[in-house]
Amino acid sequence: RSQRAAAADHSLKLLRSDRVDLLLLHDPTFDEMQHEFLKPKKGGMDALRELQRQGVVKHLGLGCLEHENHHLWLQQEDVGFILTV
C-alpha cells in the first residue's frame, strides 16, 4: 500500500466522506510540475489518476499563477479545472 494512498484514506476519513468531487493541486512550482508531479511512472499525477479510477476523486484541478504550469496541465488527459487569478 503506497504512502499516497494512505494519505488519501486519512484525508477522506477527516472529511467523513468516501470521495471528493474536485482535488486541486495547489501552487506547484514549474520544476515540481515537470520533474516530480508529471514524472512518468510513480509521479503524483499517476497517483491521482489511480484515485480517479477507484472513484475516490471525480475531477482533477490545478490552482496556480504560473502560465507555464497551466500549459503543462492542459497537456494532460482528463484534467478538468484550472484556478487562477
Side-chain angles (χ1 to χ4, degrees):
R1 179 147 178 87
S2 78
Q3 187 176 18
R4 289 180 178 137
D9 287 343
H10 178 72
S11 294
L12 290 170
K13 185 176 179 179
L14 291 174
L15 292 167
R16 297 181 183 166
S17 181
D18 58 352
R19 71 178 185 96
V20 293
D21 290 329
L22 173 61
L23 191 148
L24 190 69
L25 178 63
H26 183 261
D27 209 20
T29 66
F30 184 70
D31 189 58
E32 289 169 335
M33 284 288 286
Q34 269 194 312
H35 301 294
E36 295 174 30
F37 191 72
L38 298 177
K39 180 179 165 184
K41 308 289 183 203
K42 310 276 185 186
M45 190 64 166
D46 290 336
L48 293 183
R49 284 198 179 113
E50 180 58 29
L51 291 173
Q52 270 190 312
R53 281 189 286 278
Q54 295 171 5
V56 174
V57 174
K58 189 170 182 179
H59 300 286
L60 300 175
L62 172 70
C64 72
L65 297 175
E66 295 184 36
H67 295 297
E68 295 85 1
N69 283 346
H70 299 161
H71 180 72
L72 288 175
W73 189 253
L74 290 172
Q75 291 176 4
Q76 304 304 305
E77 295 178 18
D78 301 325
V79 297
F81 298 89
I82 292 180
L83 178 64
T84 188
V85 178

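The hydrophobic side chain of Leu14 is isolated, with no ILVMFWY side chain under 4.5 Å apart from it.
Under the side chain to side chain contact (heavy atoms under 4.5 Å, CB included) criterion, Ser17 pairs with Leu15, not counting sequence neighbours. Qualifying side chain to side chain contact (heavy atoms under 4.5 Å, CB included) partners for Ser11, counting only residues two or more places apart in sequence or in other chains: none. In terms of the side-chain hydrogen bond (donor to acceptor under 3.5 Å, both in side chains) criterion, residue partners of Asp21 (sequence neighbours excluded) are, by chain and number, Arg19. Scored by the side chain to side chain contact (heavy atoms under 4.5 Å, CB included) test, Leu65 finds Thr84, Val85 as partners (sequence neighbours excluded). By the side chain to side chain contact (heavy atoms under 4.5 Å, CB included) test, Leu22 is found to be paired with His59, Phe81, residues two or more places apart in sequence or in another chain being considered. Every residue two or more places apart in sequence or in another chain that forms a ring-ring contact (aromatic ring centres under 6.0 Å, His included) with His67 is listed here: His70.
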- Going through the checks in order, is the side chain to side chain contact (heavy atoms under 4.5 Å, CB included) test met by Asp18 and Leu12? CA-CA 6 Å; Asp18 58 352; Leu12 290 170; 5.8 Å; no
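At a threshold of 4.5 Å between side-chain heavy atoms, the hydrophobic network of Ile, Leu, Val, Met, Phe, Trp and Tyr places Leu24 and Leu48 in two separate groups.
Within the structure, ring-ring contact (aromatic ring centres under 6.0 Å, His included) contacts touching residues 5-24 (residues at least two apart or in different chains) do not occur. Residue pairs meeting the salt bridge (Lys or Arg N to Asp or Glu O under 4.0 Å) criterion with at least one member in residues 22-35: none, sequence neighbours excluded. Sorted by first and then second residue, the ring-ring contact (aromatic ring centres under 6.0 Å, His included) pairs involving residues 12-44 (not counting sequence neighbours) form an empty list.
Atom CG of Leu60 and atom CZ of Arg49 lie 7.5 Å apart (nearest 0.5 Å).
Nearest heavy-atom pair across Glu66 and Thr29 is OE2-CA, 4.0 Å. Across Gly63 and Pro28, no two heavy atoms sit closer than the pair O-CD, 4.3 Å.
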Which donor-acceptor pairs under 3.5 Å do side chains of residues 51-58 form with protein atoms, sequence neighbours excluded?
unit_1 : atom_1 : unit_2 : atom_2 : d
Gln52  : NE2    : Lys58  : O      : 3.2
Arg53  : NE     : Glu50  : OE1    : 3.1
Arg53  : NH2    : Glu50  : OE1    : 3.1
Gln54  : NE2    : Glu50  : OE2    : 3.0

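A donor-acceptor pair under 3.5 Å is absent between the side-chain atoms of Asn69 and the main chain of Met33, judged by distance alone.
Contact of the Leu62 side chain with the Leu83 side chain is not registered, since no non-hydrogen atoms from C-beta on lie closer than 4.5 Å.
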